[in-house]
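Let me begin by presenting the structure, written as structure tokens, before commenting on it.
These values consider heavy atoms only, across backbone and side chains, with no hydrogens, waters or symmetry-generated copies. Numbering of ligands and ligand atoms starts at 1, following listing order. We're numbering straight along the sequence, starting at 1.
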Amino acid sequence: MLASASKIFFHLIARSQTLKKLASRYGMRKPSSFARRFIAGETTAEAIEAARAVEARGMTVTMDLLGEGVTNLDKADAATRDYISVVDAMIASGVGRNISLKLTQLGLDVDKAIAIDNFRKILERTEPAGFFVRIDMENSPYTEVTLEIFETLRRHGSRQIGVVLQSALYRSEDDLGHVNALGARVRLVKGAYKEPKAVAYRKKADVDAAYARMLKTLLTEGHDPAIATHDPAMIALARQVARDHHVAPDRFEFQMLYGVRRDLQAMLVKAGYRVRVYIPFGREWFPYFMRRLGERPANVLFAIRGILRDAG
Ligand SMILES: Cc1cc2nc3c(=O)[nH]c(=O)nc-3n(C[C@H](O)[C@H](O)[C@H](O)COP(=O)(O)OP(=O)(O)OC[C@H]3O[C@@H](n4cnc5c(N)ncnc54)[C@H](O)[C@@H]3O)c2cc1C
């Protein structure tokens, strides 16, 4: 009942321009605004403050300057320059040197060669400074091209980069074998996008079963694996597989999103595991925020309550 009512609200927000405007206007306005549960702030300074708080709790971070689906080269160029300033600010602040980015943010939809060039410009700054750069995985039209760009850059010598594979996609188990064979780093996720059934499992049980299979392969054959999930069953399975196969806790890490299951994050740190928190920030927060609402019905009610409170 709650789930179906929330789904209806979710689709209303996604479709209604007025609700969208209200959510974007009020979501981040005040320190108490509702989108701040998932987004660390609109500025780099706010994100760095959030990163420091996460690090003080014994975890590491990856910083994500939000942005995606850029439709012209000026914006792609601006996003590239913004990312480089974020990198500089991170170096100056002393927070952990790890970022996540999306290739459509750098212009992949407009011109692939320019997106690669923009990515290289960022790598020119991050590589000498010892950063690790994770290329987030977007929806399925971008899977092939994202993996291809990743592999090309690796072949040309970029070693401090990694990819994300989504257990929801049928192809991902093959992709995992391939990326493992390259010796490269994978973050394993379930997948945040609504995909057609031609390419992806539709039932949650199938996505979870694929995640469980991939988790075993990644932990036993992967390189610096990142198990990115808030699902207690998958976390318990990862711990079990690691124990059974003598994979020490310092050979892999759990990853979770800012603002999601802080209780589990703390429990894992206490149990001696490495936990990295993904810290999204920036003015382009709306699509990311909507994906978080879509994942969990209760979040939609939380957002609606926030809109009513802040706009009231
Ligand atoms: C570090 C990190 C990076 C990611 N990068 C990508 C990426 O590059 N590409 C991509 O497609 N996806 C990415 N994702 C998102 C991922 O694909 C899932 O959509 C998301 O993690 C929810 O799935 P789950 O594994 O937590 O399991 P689920 O089965 O969806 O959830 C398990 C439990 O986690 C909690 N939970 C999950 N989501 C939420 C939420 N939004 N709010 C509150 N509680 C929640 C609930 O308690 C839920 O019962 C990333 C996730 C993480 C943690």
Side-chain angles (χ1 to χ4, degrees), residues 2-3 6 10 34-40 51 54 59-64 66-68 96 98-105 132-143 146-147 150 161-169 171-172 175 185-195 199-201 203-212 214-215 218 225-238 252-265 267-268 274-280 285 287-303:
L2 175 69
S6 299
F10 174 72
F34 55 92
R36 287 185 185 268
R37 170 171 167 199
F38 299 111
I39 291 132
V54 166
M59 296 176 280
T60 55
V61 295
T62 182
M63 307 289 268
D64 174 33
L66 292 166
E68 57 196 89
N98 191 308
I99 57 174
S100 294
L101 51 75
K102 293 183 176 56
L103 293 178
T104 65
Q105 185 175 15
F132 178 77
V133 182
R134 180 79 64 176
I135 310 173
D136 283 345
M137 188 56 84
E138 301 180 66
N139 47 339
S140 58
Y142 301 104
T143 312
T146 300
L147 292 174
F150 167 72
I161 57 175
V163 275
V164 179
L165 294 176
Q166 300 153 326
S167 71
L169 299 190
R171 60 173 288 162
S172 291
D175 289 335
R185 284 163 70 168
V186 170
R187 171 200 293 155
L188 179 62
V189 301
K190 291 187 185 176
Y193 300 86
K194 192 166 167 32
E195 298 287 0
V199 301
Y201 301 108
K203 288 194 202 130
K204 181 167 163 39
D206 292 335
V207 176
D208 289 354
Y211 195 98
M214 290 179 71
L215 177 163
L218 183 59
I227 309 297
T229 181
H230 318 91
D231 182 343
M234 295 302 146
I235 290 169
L237 178 65
F252 68 100
E253 67 184 21
F254 288 105
Q255 294 191 353
M256 294 192 208
L257 301 175
Y258 180 79
V260 179
R261 294 303 307 255
R262 282 174 52 147
D263 56 334
L264 272 184
Q265 298 173 10
M267 179 276 283
L268 286 169
R274 289 157 60 198
V275 179
R276 187 176 300 280
V277 176
Y278 183 103
I279 304 202
W285 52 267
Y288 175 89
F289 175 68
M290 289 301 285
R291 285 196 289 279
R292 301 294 77 84
L293 292 197
E295 274 158 6
R296 196 158 175 260
N299 291 344
V300 181
L301 295 180
F302 162 80

When rounded to the nearest 0.5 angstrom, what is the spacing between [atom1] in [X] and [atom2] in [Y]?
X      : Y      : atom1 : atom2 : answer
Phe150 : Ile161 : CZ    : CD1   : 5.0 Å
Tyr211 : Tyr201 : OH    : OH    : 15.0 Å
Ile279 : Ile39  : CD1   : CD1   : 12.5 Å

Nearest protein heavy atom with distance in Å, relative to [atom]:
atom                    : answer
atom 32 (C) of ligand 1 : Asp231 CA, 3.7 Å
atom 34 (O) of ligand 1 : His230 CB, 3.1 Å
atom 14 (N) of ligand 1 : Val189 CG1, 3.7 Å
atom 24 (P) of ligand 1 : Thr229 OG1, 3.6 Å
atom 7 (C) of ligand 1  : Met137 O, 3.7 Å
atom 43 (C) of ligand 1 : Arg296 CD, 3.4 Å
atom 36 (N) of ligand 1 : Val260 CG1, 3.8 Å
atom 29 (O) of ligand 1 : Lys204 NZ, 2.6 Å

Applying a 4.0 Å heavy-atom criterion (strictly less than), which segment of [X] is in contact with ligand 1: side chain, backbone, both, or neither?
X      : value
Asp136 : both
Arg134 : neither
Leu257 : both
Tyr193 : side chain
Asn299 : side chain
Glu295 : side chain

Main-chain N/O of [Y] paired with [X] side-chain donor or acceptor, under 3.5 Å:
X      : Y      : value
Arg134 : Arg185 : yes
Glu195 : Ser140 : yes
Ser172 : Gln166 : yes
Gln265 : His230 : no

For ligand 1, which atoms sit closer than 4.0 Å to a heavy atom of [X]?
X      : value
Lys190 : 17 (O), 25 (O), 27 (O), 28 (P), 29 (O)
Gln166 : 9 (N), 10 (C), 11 (O)
Arg37  : 43 (C)
Tyr278 : 1 (C), 3 (C)
Arg261 : 35 (C), 47 (O)
Gly191 : 11 (O), 16 (C), 17 (O), 19 (O)
Val164 : 7 (C), 8 (O)

(Q) Can you tell me if Arg187 contacts ligand 1 (heavy atom of the residue under 4.0 Å from the ligand)? (A) yes
Q) Contact between Arg276 and ligand 1, counting heavy atoms under 4.0 Å? A) no
**Q.** Check against side-chain contact (heavy atoms from CB on, under 4.5 Å), Met137 and Leu147
**A.** CA-CA 9 Å; Met137 188 56 84; Leu147 292 174; 4.0 Å; yes
Q: Decide whether an N or O pair under 3.5 Å exists between Arg292 and ligand 1.
A: yes
Q: Answer yes if a protein heavy atom lies under 4.0 Å from atom 18 (C) of ligand 1, otherwise answer no.
A: yes
Q.
Any protein heavy atom at under 4.0 Å, with atom 41 (N) of ligand 1 as the reference point?
A. yes
Q: Would you check, one step at a time, whether the test side-chain contact (heavy atoms from CB on, under 4.5 Å) holds for Met256 with Leu268?
A: CA-CA 11 Å; Met256 294 192 208; Leu268 286 169; 3.5 Å; yes
Q | Audit row: Asp64, Ser100, side-chain hydrogen bond (donor to acceptor under 3.5 Å, both in side chains) steps and yes/no | A | CA-CA 5 Å; Asp64 174 33; Ser100 294; 6.0 Å; no
Tell me the closest heavy-atom pair linking [X] and [Y], and the distance in Å.
X      : Y      : value
Met214 : Leu188 : CE-CD1, 3.6 Å
Met59  : Val275 : CB-O, 3.2 Å
Ile227 : Phe252 : CG1-CD1, 4.4 Å

Q. Taking the six-membered ring of Tyr278, is the NZ or CZ of Arg276 close enough (under 6.0 Å from the centre) and on axis enough (within 45°)?
A. no
**Q.** Residues Glu68 and Arg291 bridged, charged N to O under 4.0 Å
**A.** yes
